[in-house]
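Below you'll find the structure, written out as structure tokens, and then a few comments.
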Amino acid sequence: MSVEAGRQGRDGLHLSRFATWDVAIIVVTVVFLIFAVTSVQHFGTSQNATFLVLELAPILLLALPMTLIIVTGEIDLSVASTVGLTSSAMGVMWNSGVPLETIMPLCVVIGAVLGAVNGFFVTALGLPSLAVTIGTLALYRGLAFVLLGDTAVADFPRSHSSWTIGTIGETPIPNVLVPMIVLAGLFAAVLHAMPVGRAIFASGSNRVAAAFAGIPVAKLKFWLYVTSGAVAGLVGVFWTLRFSSARADNAHGLELTVVAAVLLGGVSIFGGKGTLPGVLAGVVLLSSLQNALRLANVSSEALTVVTGSLLIISVLAPNILGRVRGVLRRRLRRTHVPAPNP
Amino acid sequence: MTVLARERDSEGGATSSTGSTLLDTVLRFRALGLLVVLAALVAVTAAVNPRFLSGSSIRDILLAASITLLLATGMTVVVLTRGIDLSVGSVLGLSAFCTAWLLSENPGVSIPVAMLVGLGIGAVCGLFNGSVVHFGRVPPLVATLGTLYVFRGVVYFVAGGSRINASDMPAGFLDFGSARVLGVPYLILISLVVLALVAVFLSRYRAGRDMYALGSSPEAAELAGIPAGRRKLTAYVLCGALAGLGGVLYAARYGTVDASAGYAMELDIVAAVVVGGVAIFGGSGSVLGAALGAFLLTVISNALPVLNIDQFWQRAIVGALIVGAIAVDRLVALRVAESLRKKGSHVG
Amino acid sequence: GGTTQDSQDDTDSGSDDSDAVADPDADYESGLSLAMLPKSVNNPYFETSSEAAAEVVDELGGDYEYTGPSDATASSQVSYINTVSQQGTDVILLSANDPNALCSSLEQARAAGTVVVTFDSDVDADCRDAFVSQVDDDAVGETLIEMAAEQIGGSGTVAILSATANATNQNAWIDVIEEQIETNPDYADIELAGVAYGDDEDEKSFQETQGLLQANPDLDAIISPTTVGIAAAARYLSSSDQQGEVALTGLGTPNQMREYVEDGTVTEFALWDPGELGELAVYTGAAIASNIITGAEGETFTAGDLGEYTVGEDGVVTLGPPARFNAENIDDYDF
Amino acid sequence: MPAWPPGERPAVRLTGASKSFGSVVALRDASIDIHAGEAHALVGENGAGKSTLIKILAGAHRPDSGTLEIDGHPVEFSGTAAAKAAGIAVIYQEPTLFPDLTVAENIFIGRQPRTRFGLIDRARMNREASVLFDRLGVPLAPDRPARGLSIADQQVVEIAKAISLDARVLIMDEPTAALSGVEVDRLFAVTRSLRDDGAAVLFISHRFDEVEALCDRVTVMRDGARVSTDRLADVTIDQIVRRMVGRELGALFPKEDVDAGDVILKVDGLSREGAYRDVSFDVRAGEIVALAGLVGAGRSEVVQGIFGVDPRDSGSVQVDGQTLPPANPRAAMRAGVALVPEDRRQQGLLLDLSIIRNATLARRHRLSTLGFLIGGSERREAEEWTGRLQTRYGRLGDPAATLSGGNQQKVVLAKWLATGPKVLIVDEPTRGIDIGTKAEVHRLLSSLAADGVAIVMVSSELPEVLGMADRILVMREGRLSGELSRADATEESVMFLATGREAA
Ligand SMILES: Nc1ncnc2c1ncn2[C@@H]1O[C@H](COP(=O)(O)OP(=O)(O)OP(=O)(O)O)[C@@H](O)[C@H]1O
Ligand SMILES: Nc1ncnc2c1ncn2[C@@H]1O[C@H](COP(=O)(O)OP(=O)(O)OP(=O)(O)O)[C@@H](O)[C@H]1O
Ligand SMILES: [Mg+2]
Ligand SMILES: [Mg+2]
């Protein structure tokens with residue numbers, strides 16, 4: 001009796017292994033790309049690919065540490081504001097004559113410090129990260145405006161800004177793709193192939209059990225926030241150079257796009273579940289969908305609706321699937337169990 | 001009965017009543033803290049610029065606060081049940097535009113009808129949110145982040161590039177936006193009435209208490225037989241309806257409505273609620289606190305220009321305030337918990 | 001302040017990379033594709049420009065598209081610039097959200113053969129073929145301060161309610177106003193109390209108006225060179241005790257301001273016709289694409305009913321002085 | 001005393017109930033009947049299915065099969081609200097209070113007294129709560145929040161809640177586990193008066209003196225089924241215990257005799273305010289030392305303090321002469337300590353992660369090559385250890401949640417055994433697992449000891465303690481109350497030390 005029940009449970013799982021959302025989203029993304037290349041005019045050109053990469057670069061970069069943070073069950077809504085603040089800081093430093101070679105690492109450090117502030121409040125005081133990072137979202141953006149006001153600093157050296165949008169030699173491969181791939185590989189390795197990744201999943205899956213396995217959960221989260229800040233600092237530099245414009249409102253509102261992409265990639269907002277390839281697919285799907293819809297002259301209104309719907313469906317669909325499967329399994333079991341007493 | 005039991009009793013007897021007064025004091029202290037900050041802010045601003053306390057200035061602040069207040073009230077109910085509604089800004093925009101459009105097309109529509117329409121639009125949006133959260137088991141943050149985009153997209157569709165100007169709307173409606181009884185603007189009266197009703201609902205009705213219970217411990221709520229689905233739907237519908245009503249007031253007050261009405265408002269509202277002492281994971285807090293938070297944030301954004309403070313500082317100050325408020329709240333709570341733990345333990 | 005664009009100005013000026021020779025007698029080509037990119041869609045002002053522009057494109061026998069982001073940021077605009085240049089559009093008509101941030105993508109578009117004409121809000125002169133200016137910055141600034149001075153009898157305190165502080169055009173006008181107050185003896189008794197920014201949001205502008213009035217109790221006039229700002233300010237003043245005491249002028253649309261002119265809150269304000277601006281942008285773009293002009297200083301072309309225009313310094317084509325609206329003439333306009 | 005069962009129909013009758021959670025069968029064909037006016041005891045080993053049975057009566061679980069009758073009418077509860085409406089009040093094993101609501105509100109949630117306008121009458125609610133607390137003899141303030149209440153006070157609130165329902169059926173799942181004597185006496189007084197007024201009472205407890213003091217009949221459960229129901233007057237405690245266990249115990253405890261080696265673990269003066277005080281003991285290589293005591297005596301806290309997952313106030317822990325820093329489980333692991341926690345679902349497992357991840361979590365660093373976990377080292381390790389423990393699973397990539405309770409326990413054991421500990425601490429190693437598995441776990445512990453591991457075993461199961469331990473340390477109220485050698489230990493001697501009743 002119980003053996004039989006066990007086997008059915010396994011069969012159900014067998015199914016679900018192939019229907020996990022991150023696998024699904026990767027498939028959907030690939031299918032969509034093939035569809036778009038063949039049937040959306042101009043989508044398949046090499047130049048459009050370059051544009052697409054440049055467009056999704058900041059989202060992708062911010063999504064990397066965001067994925068790790070959400071897998072631990074926390075969230076960081078302040079990333080876009082951190083980008084804005086480092087961009088402002090970059091402008092101020094450049095105006096006062098600091099060389100770019102000094103500014104760039106400094107910006108990453110500034111980002112890391114801002115991340116550490118988040119990390120402190122979340123881990124040392126145990127405050128809910130949603131509330132903390134809504135607060136620092138406003139705080140960092142405010143400080144960005146305090147630093148640079150409404151002005152823009154735009155006279156960065158052409159060589160640097162054209163590198164950010166340039167391609168490798170004559171190929172259509174954007175320069176930024178190289179660091180993007182390196183970073184994505186690094187984060188994927190950390191999350192999926194290194195001991196610390198196991199600790200990240202454990203912390204998000206069951207904080208108490210993680211602590212019982214000797215994982216320093218608070219310390220881990222703190223350093224993830226620092227990483228998130230540092231990457232946001234890097235994106236701040238990239239953004240500033242790419243648009244050749246250091247401004248306090250750079251990347252305004254980007255945090256929601258990043259969170260949306262991560263969730264779309266199959267990461268559970270409650271932590272413990274998700275894969276980096278899934279997130280990469282989520283980012284690519286979101287960006288290429290918008291790109292293709294724009295090329296097909298679909299209005300920006302529709303883009304907004306599509307983004308929101310995708311997000312809801314990405315969670316709703318597996319839930320509904322799961323429930324359907326549960327009902328089916330119960331039906332099956334009913335038929336196997338001897339009929340209940342009268 | 002056993003020796004063991006008697007020993008315990010001799011020490012355990014003192015536990016019971018100590019906590020109550022302590023915690024009460026702390027809770028009162030929180031609201032008090034906000035009031036003190038508020039009073040200090042008003043005093044300083046008024047000292048620098050006495051006009052800040054003039055009748056028209058106070059009226060302006062009340063008008064500005066009325067919409068935030070309304071939305072914060074709805075948000076509080078949702079947050080109490082351990083949810084969140086990030087779509088309120090979009091709902092407000094949708095309702096504001098639709099109401100304004102309705103009035104510009106049919107100048108004969110009376111104000112109560114317009115308010116009902118706005119309320120209805122909001123309620124439908126809220127019902128959608130609630131259904132996705134409850135029936136679809138989608139985490140509230142994800143669900144309402146999605147509808148934030150979807151509802152805003154709908155506003156864009158409906159509004160396109162058009163803007164409804166004051167001159168398109170009936171004068172009666174616009175007058176209502178600035179009219180007052182005995183010097184008090186209608187808008188703030190509406191908000192205060194709603195606030196009072198919701199406050200009474202939450203504190204004096206069974207269904208209201210269920211909201212706290214749901215947020216306080218979902219598992220215990222299930223064992224206690226609380227109808228979680230109905231309550232959650234109520235919370236989201238209420239939040240949506242109030243955002244819808246806020247949209248009507250927005251249209252009446254500003255007279256100009258386009259597709260961007262209420263853009264990015266959600267974070268301000270969440271901030272007001274959090275600053276007002278409502279626990280972001282549900283179960284504790286009051287609409288009065290949230291109202292105080294909303295009011296404080298409004299006063300700040302009105303006082304800083306009057307003080308001639310660089311407006312860019314404003315956002316930073318608001319952010320620092322949010323983090324500061326929850327940090328202080330947590331530190332106080334930790335202290336209380338620690339002292340209760342030591343007092344309450346039977347062993348040692 | 002703060003913006004340091006000088007370094008780029010000395011590279012060279014005006015339209016540079018087109019070595020084609022202009023043929024002033026050529027006809028407008030038919031079959032051109034034009035795309036208008038406003039600061040953001042869902043903005044009535046640009047909608048007006050677009051409607052007029054669409055008609056002109058129709059007359060010229062071309063294809064027209066109106067597209068853009070729903071948020072007014074430079075980064076979203078870049079995506080749309082990339083999109084329309086991908087689509088092989090012949091002419092982009094752009095109102096820029098940032099003078100510098102769009103340059104690289106505009107350069108890429110131009111390299112692919114697209115003509116870039118900015119209107120309403122410019123980018124660096126290097127990155128576009130021509131700029132269709134609604135008006136001469138000097139003329140706007142002068143008109144604004146002149147209207148204000150007239151309404152307060154030549155002396156008093158004036159404050160400015162602007163949009164966002166990095167809106168290129170706003171700052172240019174504010175600079176002119178400041179300069180006029182300092183140097184023009186007619187305005188010797190006028191004092192500038194400060195600049196507030198309403199971010200082109202109705203609610204914010206409303207609050208900032210209120211802040212200005214409280215921070216400066218003896219304020220005599222507010223100049224708001226933005227249509228959103230002046231409408232919000234008028235709305236605030238019309239329901240406040242200071243209605244009629246504090247003068248309000250600036251740039252607004254007749255439809256938005258009609259009510260306030262009637263109830264006496266506003267005496268006179270100014271604006272150009274955004275529809276005409278759109279038309280001229282189309283003609284300018286089409287003229288360059290048809291090789292009638294190259295965008296170099298001194299070239300002339302005929303812009304349909306609007307008449308003949310001459311390309312000015314840095315490839316700027318100016319629509320004309322702003323029209324002033326007051327109780328006498330406001331009913332003649334509908335936009 | 002009237003003859004049982006009296007002529008009338010039972011107030012509640014459950015027949016043929018079975019219930020499985022995944023592959024764990026909690027109840028199989030279980031039955032019980034409770035009559036109005038009787039107090040009925042339900043006893044059985046941990047995991048026998050008592051709580052599951054009462055959760056079915058409470059409407060919190062739906063049985064897979066079986067029928068439930070109230071006053072002879074078949075019913076099917078759709079939820080707890082339906083059971084409540086049918087007059088069934090339940091005190092759950094774990095208090096389920098709303099920490100943010102006041103004590104009075106916790107009692108009356110969903111049925112607060114109302115004024116004419118439908119408003120909640122707080123004053124009346126507090127008054128009624130005070131009356132209840134007076135009846136229970138506990139001076140709790142009705143308007144204080146439930147947050148921060150001690151376990152005992154939480155239990156009192158639960159009791160007050162159940163009593164206030166004026167239910168026809170009152171079910172209490174170990175209500176006295178955390179209570180002190182006066183409170184227990186009052187509870188019994190109240191319960192008796194309810195019973196005499198015609199209520200049916202179902203009482204679960206591991207304390208037989210309480211069962212004897214309160215109850216009229218007793219039902220014994222074993223492995224999810226009813227073994228017997230008797231009038232308490234007709235059976236002896238010995239008989240009940242035999243029926244609970246149901247087997248010869250010898251086969252269950254394959255203890256090998258090992259010569260103890262050097263002292264490996266040395267605990268000295270360990271204290272933590274509110275949990276335990278001045279705990280000192282040594283464990284030698286090859287020795288199995290049991291930590292016995294009543295539930296709540298603080299044994300779990302002590303071993304968690306040793307391992308470092310909880311902070312401690314004072315005292316020291318040495319492993320092989322090396323002092324462990326407090327509150328640092330990593331250091332303890334490095335020194336060779338392993339802790340198999342008592343609550344495998346909360347503390348031991350990452351339920352939604354795979355068996356591989358769970359089994360190798362504690363060894364993730366050592367399994368990596370050049371910092372990378374590649375090449376299937378984790379899979380091989382998981383395969384080896386789950387194999388050694390004869391774990392039954394579908395595939396190694398399945399989530400741990402899909403395993404039966406016993407197999408979950410084996411995965412937790414595998415996780416820690418794989419670290420090759422010098423000191424193995426197991427907290428309730430066999431809680432909720434079936435007899436066969438129990439024997440396997442015992443064999444394993446025994447052979448580990450034979451290999452020279454120092455083992456500390458916390459267990460609430462006396463037979464396990466007696467059958468497995470070389471030495472038994474007994475805790476009472478956070479202190480060590482005595483030590484017994486294997487030879488001296490009997491159920492009585494351990495219980496006496498655990499309860500403090502001097503008999504010897
Ligand atoms: N929600 C659940 N999911 C999976 N298994 C469960 C669940 N609840 C109980 N079980 C399992 O069902 C069995 C019976 O558990 P139950 O709680 O009824 O025992 P009990 O007799 O109350 O024990 P105790 O004396 O320890 O309270 C155990 O093996 C337990 O692990
Ligand atoms: N969450 C808690 N809040 C307050 N007190 C607690 C809590 N958990 C346990 N205690 C108290 O700590 C003491 C020790 O509990 P602990 O669980 O360590 O006992 P134990 O001897 O391990 O019992 P068992 O393992 O059999 O449940 C008890 O007095 C208990 O009431
Ligand atoms: Mg139990
Ligand atoms: Mg224990």
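Here is how names work: the chains are called A, B, and so on, in the same order as the sequence lines, proteins then strands, and each is numbered from 1. These numbers were taken from a predicted model, which means no experiment stands behind them.
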Take D:Arg114 and B:Arg206, measure what side chain to side chain contact (heavy atoms under 4.5 Å, CB included) needs, and give me the verdict at the end.
CA-CA 9 Å; D:Arg114 291 190 286 196; B:Arg206 288 179 180 174; 3.3 Å; yes
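- Among the residues in residues 131-142 of chain B, none has a non-hydrogen atom closer than 4.5 angstrom to a non-hydrogen atom of chain D.
- At a 4.5 Å heavy-atom cutoff, D:Phe108 makes no contact with chain B through either its backbone or its side chain.
- Proximity to chain B among residues 81-89 of chain D is limited to D:Ala81, D:Lys84, judged by heavy-atom separations below 4.5 angstrom.
- Put simply, the side chain of B:Arg204 never gets that close to the backbone of D:Leu119: no donor and acceptor are under 3.5 Å apart.
- Between B:Glu219 and D:Thr96 the shortest side-chain heavy-atom distance does not fall below 4.5 Å.
- Partners of D:Phe203 according to the ring-ring contact (aromatic ring centres under 6.0 Å, His included) rule, which considers only residues two or more places apart in sequence or in another chain, are D:Phe188.
- Pairs of residues two or more places apart, or lying in two chains, that qualify as side chain to side chain donor-acceptor pair (under 3.5 Å) and include a residue from residues 122-133 of chain D are D:Arg124-D:Glu128.
- Using a 4.5 Å heavy-atom threshold, the side chains of B:Glu222 and D:Thr80 count as separate.
- For the pair B:Ser284 (side chain) and D:Asp100 (backbone), a donor-acceptor distance under 3.5 Å is absent.
- For D:Gln112, the parts sitting under 4.5 Å from any heavy atom of chain B are the backbone and the side chain alike.
- For chain D, the nearby part of B:Ile226 is the side chain; its heavy atoms alone come within less than 4.5 Å.
- Proximity to chain D (any heavy atom under 4.5 Å) is shown, for B:Ala221, by both the backbone and the side chain.
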